[in-house]
Visitor: 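Supplied in structure tokens, the structure appears directly below.
Nothing here was measured: the structure is a model prediction, and the numbers come from that model. For the single chain, residues carry numbers from 1 onward in sequence order.
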Amino acid sequence: MAPIKVLYIAGWGRSGSTILSNILGEIPGFFSTGEINNLWQRGLIENKLCGCQRPFRECDCWRTIINQAFGSIDQIDPHQIEKYATSLTNTDLFLRWLPGNQKRIAAKYRAYLPILHCLYAAIQSVTGCSLIVDSSKNPTHGYLLSQMPDIDLYVIHLIRNPHGVAHSLMKKKVYDADPQRPFYMEQHGPLRSTLIWSTWNLLIEHLWQREDRYLRVRYEDLLQYPQSTIRHILQFC
């Protein structure tokens with residue numbers, strides 16, 4: 001079976017990943033999943049709104065995908081899967097070259113990789129797409145995909161000016177527009193925002209910069225030169 005082609009958008013929050021993934025999702029043969037790393041907690045456990053504006057468990061597309069991947073949406077334990085999904089941290093990746101850490105890190109994600117395989121295979125099968133766009137952003141989730149031999153991974157490193165990111169993260173912003181259960185995105189002060197912006201972008205570069213399937217994209221270029229930026233991404237992947 002041919003590998004599953006995934007375009008992974010990595011970067012810190014409020015860097016334009018939603019805009020970019022939505023644009024790419026409009027291209028024939030591409031399917032934008034949003035942030036797969038939030039599927040278990042925000043989707044299956046909290047039942048937040050899907051992009052189609054229906055509660056996640058009532059979305060026909062995702063119900064079909066989950067049912068095909070795992071037999072039934074009601075037969076899996078999202079709480080246990082969320083524990084698998086969050087057991088590996090970015091700190092682990094920073095320290096992975098220390099003696100003995102490679103085996104310890106691999107043990108943390110071993111149980112999660114088969115679950116991810118079933119999920120991505122079902123996404124491709126149900127949607128008929130040739131490329132999955134995953135905007136999870138977190139370096140850890142991208143690293144997990146890179147450890148799967150059946151995933152043909154391309155990484156977009158999306159970087160936004162840190163001043164713009166810090167300004168955006170200070171604002172109160174609705175994540176889930178459900179009027180009955182409004183959910184607001186986490187806010188950060190300028191210092192914390194800048195520290196995480198620096199560490200995440202450094203880790204992403206450390207993981208993939210030397211590979212030929214890594215492309216750095218500036219958010220400001222996407223806004224100012226959208227056609228040429230998207231064309232460059234398509235040539236890349």
Side-chain angles (χ1 to χ4, degrees), residues 5-39 42 48-51 90 93-94 129 131-146 153-177 183-237:
K5 198 169 186 177
V6 176
L7 180 62
Y8 188 72
I9 302 176
W12 177 223
R14 310 290 178 91
S15 294
S17 60
T18 301
I19 295 173
L20 179 58
S21 64
N22 286 345
I23 293 173
L24 293 173
E26 294 298 317
I27 297 172
F30 286 35
F31 181 74
S32 175
T33 62
E35 300 177 1
I36 287 291
N37 63 330
N38 288 323
L39 184 145
R42 295 181 185 173
K48 300 293 185 183
L49 291 183
C50 173
N90 288 321
L93 297 185
F94 267 118
C129 68
L131 184 145
I132 297 170
V133 181
D134 183 344
S135 58
S136 294
K137 299 191 291 294
N138 196 314
T140 301
H141 189 79
Y143 178 80
L144 292 174
L145 294 179
S146 73
L153 183 65
Y154 292 76
V155 177
I156 293 290
H157 184 184
L158 186 61
I159 302 178
R160 182 182 180 184
N161 184 294
H163 301 88
V165 172
H167 179 69
S168 179
L169 282 167
M170 291 173 66
K171 296 179 180 179
K172 191 174 184 180
K173 186 175 181 180
V174 175
Y175 177 87
D176 190 333
F183 176 72
Y184 295 94
M185 297 180 109
E186 187 177 4
Q187 293 174 267
H188 296 284
L191 178 59
R192 185 182 182 196
S193 170
T194 302
L195 287 174
I196 302 178
W197 183 96
S198 300
T199 54
W200 275 42
N201 286 314
L202 179 64
L203 179 56
I204 292 165
E205 289 185 346
H206 181 63
L207 289 172
W208 292 294
Q209 188 178 28
R210 294 180 178 84
E211 300 186 8
D212 59 358
R213 296 190 177 184
Y214 165 93
L215 179 65
R216 182 184 297 168
V217 174
R218 293 178 67 250
Y219 171 73
E220 290 76 17
D221 290 340
L222 176 63
L223 295 187
Q224 190 170 2
Y225 312 107
Q227 290 186 344
S228 60
T229 301
I230 295 299
R231 189 179 303 116
H232 188 43
I233 292 173
L234 295 182
Q235 291 171 347
F236 161 69
C237 66

Visitor: By ring pair (Phe, Tyr, Trp, His ring centres under 6.0 Å), which residues pair with Y219, not counting sequence neighbours?
Guide: none

Visitor: Any donor-acceptor pair under 3.5 Å linking the side chain of S136 with the backbone of I36?
Guide: yes

Visitor: Do the non-hydrogen side-chain atoms of E211 and V155 ever get within less than 4.5 Å of each other?
Guide: no

Visitor: Within the side chain of T229, is there an N or O that forms a donor-acceptor pair under 3.5 Å with the backbone of P226?
Guide: no

Visitor: So which heavy atom on Y214 is nearest to which on E205, and how close?
Guide: OH-CG, 3.7 Å

Visitor: Just jot down the ring pair (Phe, Tyr, Trp, His ring centres under 6.0 Å) partners of Y143, sequence neighbours excluded, or say none.
Guide: none

Visitor: Could you tell me which non-hydrogen atom of L158 sits nearest to which non-hydrogen atom of G16, and how far apart they are?
Guide: CD2-C, 3.5 Å

Visitor: Please check if the number of heavy atoms outside H206 that lie under 6.0 Å from its NE2 is greater than 12.
Guide: yes

Visitor: Please work out whether the ring planes of Y8 and W208 are parallel, tilted or perpendicular, with thresholds of 30° and 60°.
Guide: tilted

Visitor: Looking at T140, is its backbone amide N or carbonyl O close enough to the side chain of N90 to form a donor-acceptor pair, meaning the two atoms are under 3.5 Å apart?
Guide: yes

Visitor: Using side-chain heavy atoms (C-beta onward) and a distance below 4.5 Å, is L145 in contact with D134?
Guide: yes

Visitor: Would W12 and W200 count as a close aromatic pair, with their ring centres under 6.0 Å?
Guide: yes

Visitor: Could you report the tightest heavy-atom contact between G11 and I204, atom names first, then the distance?
Guide: N-CD1, 3.5 Å

Visitor: Not counting sequence neighbours, which residues clear side-chain contact (heavy atoms from CB on, under 4.5 Å) with S198? List them please.
Guide: T194

